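Only a predicted model underlies this, so the values are computations on that prediction, with no experimental measurement involved.
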There are 2 protein chains.
Amino acid sequence: MTTLKDVAKAVGVSPSTVSRALADSPLVNRETKARILRAAMELGYERNEVARALVMGISGAVGLIVPDITNPFFSDVARGVSEIADRAGYGVILCNTDGRPDRELSYIRLLRRKRVDGLIVCSATLRASYVSDLAAAAFPYVLVSRLSLEPDAPYVITDDRAGARLAVEHLIDLGHRRIAFIGGPENVQSSRDRMASYLEVLAEHGLPDVSAWRCHTDFTQGAGREAGRRMLSLDEVPSAIFAANDVIALGVLEVAEGLGLPVPGSLSLIGYDDIRYAALPRIQLTTIAQPAVEMGQIAADGLLAAVKAGIAPTLQRVLAPRLVVRSSTAPHSE
Amino acid sequence: MTTLKDVAKAVGVSPSTVSRALADSPLVNRETKARILRAAMELGYERNEVARALVMGISGAVGLIVPDITNPFFSDVARGVSEIADRAGYGVILCNTDGRPDRELSYIRLLRRKRVDGLIVCSATLRASYVSDLAAAAFPYVLVSRLSLEPDAPYVITDDRAGARLAVEHLIDLGHRRIAFIGGPENVQSSRDRMASYLEVLAEHGLPDVSAWRCHTDFTQGAGREAGRRMLSLDEVPSAIFAANDVIALGVLEVAEGLGLPVPGSLSLIGYDDIRYAALPRIQLTTIAQPAVEMGQIAADGLLAAVKAGIAPTLQRVLAPRLVVRSSTAPHSE
DNA sequence: TTGTATGCGTTATCAG
DNA sequence: CTGATAACGCATACAA
């Protein structure tokens, strides 16, 4: 690899002059600058960003921590983050935690050792102490889609309680009274909020809380199949299921019809996220939309702006969820 | 940030000793090692990997270049890469090119400036000259899913000609004779191979090559809708469409039924990749499966093994595609 | 306008 | 077993 020194030698100037020329500093003769640039080109010089990072104290990379990049919601977030980061010349280091707190922690540690300039965390569990550590260390980070208990954490989320309310009220409006909820992990804020809101709306409408009709599970299709199968085999089977994300809903869809319960004929089904596969004509899943790509963009924007300004990110952005009615929900008919 | 020096000072030893202790070198007294470790812990010392990378000449990161992380095929590959990289303590830097050669090039440059230890490229266009540059510079890289013209490039692919053959022969076996092909970008090897194989199989069976029944387009749902709409509006409409990936197929599915052509009743449809959404009960897309996660794993494995050994990756792995018959294809009935 | 010297935080070499 | 010392490649304050 050719270094600054090499091109300095080739041109017959000092390394500092080359450094300045490459940084397009005004304090260097136009003509020598031209010579330097040409030599750098010819020698195929590529600045060593590692060395630069060491001296400048900035690495030009941010960490992105998601539970699972194959979940369309998170790949959309990643896409949004990536777009903004790229534009600013930043790299984004991707980490999949599978929602396991131990992995979250070890990733955070790895990324901090790598001296990333900031962190975007979509994987926070509720009592993730490392979030407090980040805050205490004044390390720049933004939470996306999931809050932790840290009081003043910067974040970009949608209003999960409002979203869940939209979903449950939609079902109630359709005449459903036996409404089940398949939630995500219990240690995740968005999961809990959706559950809380589900219970709240039920109560408001004088509907009973049947414990067999609600559960916490993983945000995966397999978990959706399992929970769906269980609930749909109950003596008193729900007439509608609210799934805490679309992937779970798709899992429920998979088993429902196998059990002779056509959707929406015998079972209304509503998801959360509005992943693009929810919109397929054969699927037409009613759902609560979250603007995942945009959330990634906003988070990256806020993070990088703060990083550049040398301050802690302050954005606390709550976006509005949106009910998207398709044809997996229908009026209740007995 | 506390540094090596800080903990050295705290313990009252030299930085070199601390460095050795932290590296668990045997040439350091058990007791002093213990003291150092404890002090490091108490001071919250985290090794600066940037400095380490500079002196060691290795960055502990690999670059992953994909067209679009929101495409399930590539998020699966990313998942596989990430798993292996993590296990080895490597970070993976994600880049989305949207298939644009200029962006591929600028990413490669960025990643090389960042001194990543290797590159996994899923986005190579056929005549990507940077691949030759990588080869010429003996820079470790592995191509995944798409070849370039570089003769001895290391790669992990599936046999695209065989896969396309499986698809077209499946349709022919079902009695179809008006078979269309919606290909991916023309500058992508896998696209071209699938097209070539399509034409070849057609010829072998004495079927005509109708130019309106084949095209190159993007690997996106929108492109699938557009191409599908065009082909299905022809005077002589195909009875079967082979789409070069599942995402395109899903786009076709979207428009077909809108045009009054139920799948598979009036139109048989076969995709490629076997993304997980192809398996949904409502979708049941017949497709050619590629083991995306495994491909990512194999590539990362081969890359990292070579990097650690200080040699160029040599793996040239061709996996077998597999026909997965579901219910988007049916016997031709006139 | 250019060059010299110094430091960023490590690791590695070489004495002790 | 431990400690100076140099070096990795670059940026910058300070001199000239």
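- Interatomic distance, CD1 of I69(B) versus CD1 of I69(A), reported as 4.5 Å (0.5 Å rounding).
- Over its full length, the helix from dT1(C)-dA16(D) to dG16(C)-dC1(D) turns its helical axis through 40°, comparing axes from the five pairs at each end and rounding to 10°.
- Here the OG1-CZ distance, from T2(A) to R47(A), works out to 13.0 Å after rounding to the nearest 0.5 Å.
- From the 5' end on, the contacts that DNA chain D makes with chain B at under 4.0 Å to a non-hydrogen atom open and close at dC1(D) to dG9(D).
- Inter-residue side-chain proximity for L143(A) and V156(A) is flagged as unmet; no heavy-atom pair is nearer than 4.5 Å.
- Counting only heavy atoms from C-beta outward, the side chains of I157(B) and R146(B) never approach each other to under 4.5 Å.
- Taken from CE in M295(A) to CD in Q290(A), the straight-line distance is 5.0 Å, to the nearest 0.5 Å.
- The neighbour count for K5(B) NZ, taken as heavy atoms of other residues, nucleotides or ligands under 6.0 Å away, does not exceed 12.
- With a 4.5 Å cut-off on side-chain heavy atoms, R20(B) and P26(B) do not count as touching.
- Remark: K9(B) NZ is loosely packed, at most 12 non-hydrogen atoms of other residues, nucleotides or ligands lying under 6.0 Å away.
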TODO: Take nucleotides 9-16 of chain C nucleotide by nucleotide from the 5' end and write B, S or -, depending on whether a protein heavy atom sits under 4.0 Å from the base, only from the sugar-phosphate, or from neither.
DONE: BBBBB---
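- Distance check: D102(A) CG to T97(A) OG1 gives 9.0 Å after rounding to the nearest 0.5 Å.
- Within 4.0 Å (heavy atoms only), V13(B) reaches sugar-phosphate atoms of the nucleic acid but no base atom.
- Other residues, nucleotides and ligands contribute at most 12 non-hydrogen atoms within 6.0 Å of the CZ atom of R317(B).
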